Amino acid sequence: MRRRQFLATAAACAALPWRRLRAAPAASRIRPFAASQVRLRPGPAHDAAEVNRRFVLGQDPDRLLHMFRTTAGLASSAAPLGGWEAPDNELRGHYTGHHLSACALIWASTGDVQARQRGDKIVAGLAECQRALGSGYLSAFSQDLFDRLRADRPAWAPFYTLHKIMAGLLDMHTLAGSAPALELVKGMARWTARWTQALGDADMARVLEREYGGMNEVLYNLAAVTGDAQWREVGHRFDHERIFRPLADGRDELKGLHVNTTIPKIIGAAVRYELTSESRYRNIAEYFWREVTERRSYATGGTSNGESWNTDPGVLSTELSGYTQECCVTYNMLKLTRHVFQWTGDPMCAEYYERALWNGILGTQHASDGSKLYYVPLGSGYWKLFGTPLADYWCCTGSGCESFAKLGDSIYFRDDSGIYVNLFIASELSWRERGITLIQDTQFPAEPRTRLVVKTANPVAFELRVRVPRWVARGGSARLNGVPLGGFAAPGGYLVLDRTWRDGDRLEVSLPMALSTAPMPDDPSLQAVLYGPLVLAARMGKAGLGPDNLRAEPTRPRTVPEYKGDGLPTPTLTGAAPWVRADAGGSLTFQTIGPGERRQLVPLYRLFDERYAVYFKLPTP
Ligand SMILES: [Zn+2]
């Protein structure tokens, strides 16, 4: 935690009689809990995870293996997949990697044996392919793509695809205990080491200009898992100095970059810092995180327009379209945020995480069948254009399967002193090392409160730190075992209870939500409306929408989903703020007020199969 924030938190808690102020910030490192220690309980996150679990378990492992087997010269009678997994698509194989990650995460976070068995089956199939190829190489396309990459000839993104497969295998090892999966990754890493050794630094710098996912990250993770420093050295070959240098110097030169190519490189820098303690790489990641979250993100926490950063920092009013906020980008920003939070304990990381999770992840899966979204349009009059199950296999189909398989991974963190409660999601945490179970009972955001119950065989002393978001209105309040506490933390900090907890102790925290606006940094007359952390979307009807355009290109080869010039004008409001009010009854529906056209607003994450607007044009004073 940075000193300024520590003081703010300490000051906020100074009025509390049970608060034992420390002389110095906590030195112990913040860590996440293992996926197996958090179980979701009924609520919107649990519902979404279940939809995704069915989506993942509905895939045929033999079809996911088909092009791997064909590439290895092995027999396969399965029908090839379509979309970006089709036999002629140069990204084929990437989804199988994401799918392995999803299986491992589902197993770890729910205990679903089917998910682990399916992951094990795919790993066994991939092992046969790697054995048949004999060089450690493992892919759903031949090495020809890498030859073309080396020769600077067209090839989509061969290392991007390899990274997904390696990450999926490593997840099967670390989350599902698969020993063969680790051997497969090591084989792929050995092949990668040989491929990169043949290239000098100048040639490698040229290779790094082609999207390569998080090759540095997965090699650093492999070094951490195995303790083998050789993978760290191979990882260094994928550290993109042209991107890193300005960030290390505190310069935002992100304009013009492809967003989802860039963020995984920065996650690699973050993991390098954790592996080697080289502060330069922490500085790169932290500067990047602050720049993107504070100056390049919409009210939703998302970033990117047409997959790129097209403007100088702080310029977003020109960046509203049907192609904003690619879902992989949010997935990757959330991954990076977890690292930054673990270094800093900064509640702003959790605040950002919550914003991007509710507005950039939870509404990006169709509840009917688990289909995933590619973009979250923020231009007015667009709609959510979903993929089709078993057909599209976009990058975001893959990252989406992972996102919805790990909705519990950032609710809680820990350090030597206690637990951080960062998100308000119904769940159960088993802190086995301390013999504690913490149950979070909430229907948030349908109710503005949460309840935490401690289960423990013996009294145990620890700090329970509950985040008090900046969006909390009118001051929150808390009750311990029914007795009101005499103080509360200021919004943007933590309510810290440092005490000996007994079985059944119950903390109820009230977190009043209110309407607020988020103006564009470069055009304050363009505003989004939020209720607590939820960005609201104005409903704009279903005109022209039907089965043919609610799903991407259902009858043609699948590419990036296309909106055919179907935006609508941004709604203009003539009244002065406040110009939205909540409907009675706490239903999370809202209405515009004032003399202009009335619109109903609902949380963006709950809106499907309809046109909407997130930003409104207000009269310029
Ligand atoms: Zn994507």
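Remember, predicted model here, so these are calculated numbers, not experimental data.
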Taking the side chain as C-beta and beyond, is there a heavy-atom pair between Val535 and Pro603 under 4.5 Å?
no
Has Trp501 got a side-chain atom pairing as donor or acceptor with Phe462's backbone, closer than 3.5 angstrom?
yes
Chi angles and distances behind the side chain to side chain contact (heavy atoms under 4.5 Å, CB included) call for Phe488, Ser510:
CA-CA 10 Å; Phe488 200 65; Ser510 161; over 6 Å; no
Would you sort out whether Tyr298 and Asn359 count as a side chain to side chain contact (heavy atoms under 4.5 Å, CB included), showing the intermediate values?
CA-CA 10 Å; Tyr298 304 103; Asn359 303 303; over 6 Å; no
Glu326 to Cys395 - nearest heavy-atom pair and separation
OE2-SG, 3.3 Å
Tell me if a side-chain donor or acceptor on Thr324 pairs with a main-chain N or O of Asn305 at a distance below 3.5 Å.
no
Mind listing the side-chain donor-acceptor pairs of residues 100-111 below 3.5 Å, one per line with the distance, residues two or more places apart or on another chain?
| from | atom 1 | to | atom 2 | distance (Å) |
| --- | --- | --- | --- | --- |
| Ser101 | OG | Asp171 | OD2 | 2.7 |
| Ser109 | OG | Leu105 | O | 2.7 |
| Ser109 | OG | Ala405 | O | 3.4 |
| Thr110 | OG1 | Ile106 | O | 2.6 |
| Thr110 | OG1 | Asp112 | N | 3.1 |

Quick check for you: to the nearest 0.5 Å, what is the distance between Thr293 atom OG1 and Phe288 atom CZ?
9.5 Å
Are the ring centres of Tyr273 and Trp343 closer than 6.0 Å?
yes
How long is the span from the NZ atom in Lys455 to the CG atom in Asp505, to the nearest 0.5 Å?
10.5 Å
Residues Leu507 and Val466: closest non-hydrogen pair is CD2-CG2, 3.9 Å
Validate the cation-pi geometry between Lys372 and Phe55: distance from NZ or CZ to the six-membered ring centre under 6.0 Å, angle to the ring axis within 45°.
yes
Start with the C-alpha gap between Leu362 and Leu407, add the side-chain angles, then the distance that decides, and say whether side chain to side chain contact (heavy atoms under 4.5 Å, CB included) holds.
CA-CA 9 Å; Leu362 278 168; Leu407 293 171; 4.1 Å; yes
Would you sort out whether Gln440 and Thr450 count as a side-chain hydrogen bond (donor to acceptor under 3.5 Å, both in side chains), showing the intermediate values?
CA-CA 7 Å; Gln440 181 171 186; Thr450 192; 2.9 Å; yes
Using atom types as modelled, flag every donor-acceptor pair under 3.5 Å from a side chain in residues 40-51 to any protein atom, sequence neighbours excluded.
| from | atom 1 | to | atom 2 | distance (Å) |
| --- | --- | --- | --- | --- |
| Arg41 | NH1 | Glu428 | OE1 | 3.4 |
| Glu50 | OE1 | Arg53 | NE | 3.4 |
| Glu50 | OE1 | Arg53 | NH2 | 2.7 |
| Glu50 | OE2 | Arg53 | NE | 3.1 |

Please walk me through it: do Arg432 and Ser36 pass side chain to side chain contact (heavy atoms under 4.5 Å, CB included)?
CA-CA 11 Å; Arg432 291 185 277 271; Ser36 59; 3.4 Å; yes
What do the steps show when you test Trp309 against Thr303 for side-chain hydrogen bond (donor to acceptor under 3.5 Å, both in side chains), and what is the final call?
CA-CA 8 Å; Trp309 288 303; Thr303 184; 2.8 Å; yes
I want to check a possible cation-pi pair here: Lys384 against Phe608, using under 6.0 Å from ring centre and within 45° of the ring axis as the test.
yes
Closest non-hydrogen contact found for Leu275 with Ala223 is CD2-CB, 3.9 Å
Taking side chain as C-beta onward, heavy atoms only, is Lys335 less than 4.5 Å from Val271?
no
Hey, is the main chain of Gly345 close enough, under 3.5 Å, to the side chain of Tyr420 for a donor-acceptor pair?
no
Quick check: does any side chain N or O of Ser371 sit under 3.5 Å from a backbone N or O of Gly387, one acting as donor and the other as acceptor?
yes
Quick one: does His173's side chain have a donor or acceptor within less than 3.5 Å of a partner on Ala181's backbone?
no
Please enumerate all residues that pass side-chain contact (heavy atoms from CB on, under 4.5 Å) together with Arg338, with sequence neighbours excluded.
Pro32, Gln342, Tyr353, Asp409, Ser410, Phe413
Could you check whether any side-chain N or O of Thr437 sits under 3.5 Å from a backbone N or O of Ser430, counting only pairs where one atom can act as donor and the other as acceptor?
no
A side-chain contact here means heavy atoms from C-beta on lying under 4.5 Å apart; do Ile266 and Leu247 qualify?
yes
Ring-plane angle category for Phe590 and Tyr531, please: parallel below 30°, perpendicular beyond 60°, tilted otherwise.
tilted
Can you find a heavy atom in the side chain of Ile436 that is under 4.5 Å from one in the side chain of Leu429?
no
Grab the two heavy atoms, one from Tyr612 and one from Leu607, that are nearest each other, plus how far apart they are.
CD2-CD2, 3.5 Å
Hey, mind stepping through Tyr412 and Gln37 against side-chain hydrogen bond (donor to acceptor under 3.5 Å, both in side chains) and telling me if it holds?
CA-CA 10 Å; Tyr412 308 101; Gln37 291 177 276; over 6 Å; no
Taking side chain as C-beta onward, heavy atoms only, is Val376 less than 4.5 Å from Thr364?
yes
To the nearest 0.5 Å, what is the distance between CG (Leu257) and OG1 (Thr262)?
4.5 Å
Given side chains that start at C-beta, do those of Phe386 and Ser368 come closer than 4.5 Å, heavy atoms only?
no
Option among Arg29, Arg31, Arg434, Arg465 that satisfies the salt bridge (charged side-chain N to carboxylate O under 4.0 Å, His left out) test with Asp415
Arg465
Glu351 with Arg355: basic N within carboxylate O range, under 4.0 Å:
no
Among residues at least two apart in sequence or on other chains, which ones pass side-chain contact (heavy atoms from CB on, under 4.5 Å) with Arg272?
Tyr220, His236, Asp239, Thr276, Glu278, Tyr281
Minimal non-hydrogen separation, Ser399 against Cys328, with atom names
OG-SG, 3.1 Å
Could you measure the distance from the CG atom of Leu536 to the OG1 atom of Thr517? Nearest 0.5 Å is fine.
11.5 Å
Main chain of Gly235, side chain of Asn216: is a donor-acceptor contact present, judged purely on distance under 3.5 Å?
no
Can you measure from CZ (Arg467) to CD1 (Ile411) and round to the nearest 0.5 angstrom?
12.0 Å
Results of ring-ring contact (aromatic ring centres under 6.0 Å, His included) for Tyr287 - residues two or more places apart only
none
Show the nearest heavy-atom pair for residues His258 and Thr261, with the distance to one decimal.
ND1-OG1, 2.6 Å
With sequence neighbours excluded, residues passing ring-ring contact (aromatic ring centres under 6.0 Å, His included) with His99
Tyr95
Take Tyr352 and Glu294, measure what side-chain hydrogen bond (donor to acceptor under 3.5 Å, both in side chains) needs, and give me the verdict at the end.
CA-CA 9 Å; Tyr352 170 79; Glu294 291 170 10; over 6 Å; no
Taking the side chain from Glu307 and the backbone from Ser304, do they hold a donor-acceptor pair closer than 3.5 Å?
no
To the nearest 0.5 angstrom, please state how far the CZ atom of Arg606 sits from the CH2 atom of Trp358.
8.0 Å
Can you confirm whether Asn481 sits close enough to Arg506 that some side-chain heavy atom of one is under 4.5 Å from a side-chain heavy atom of the other?
yes
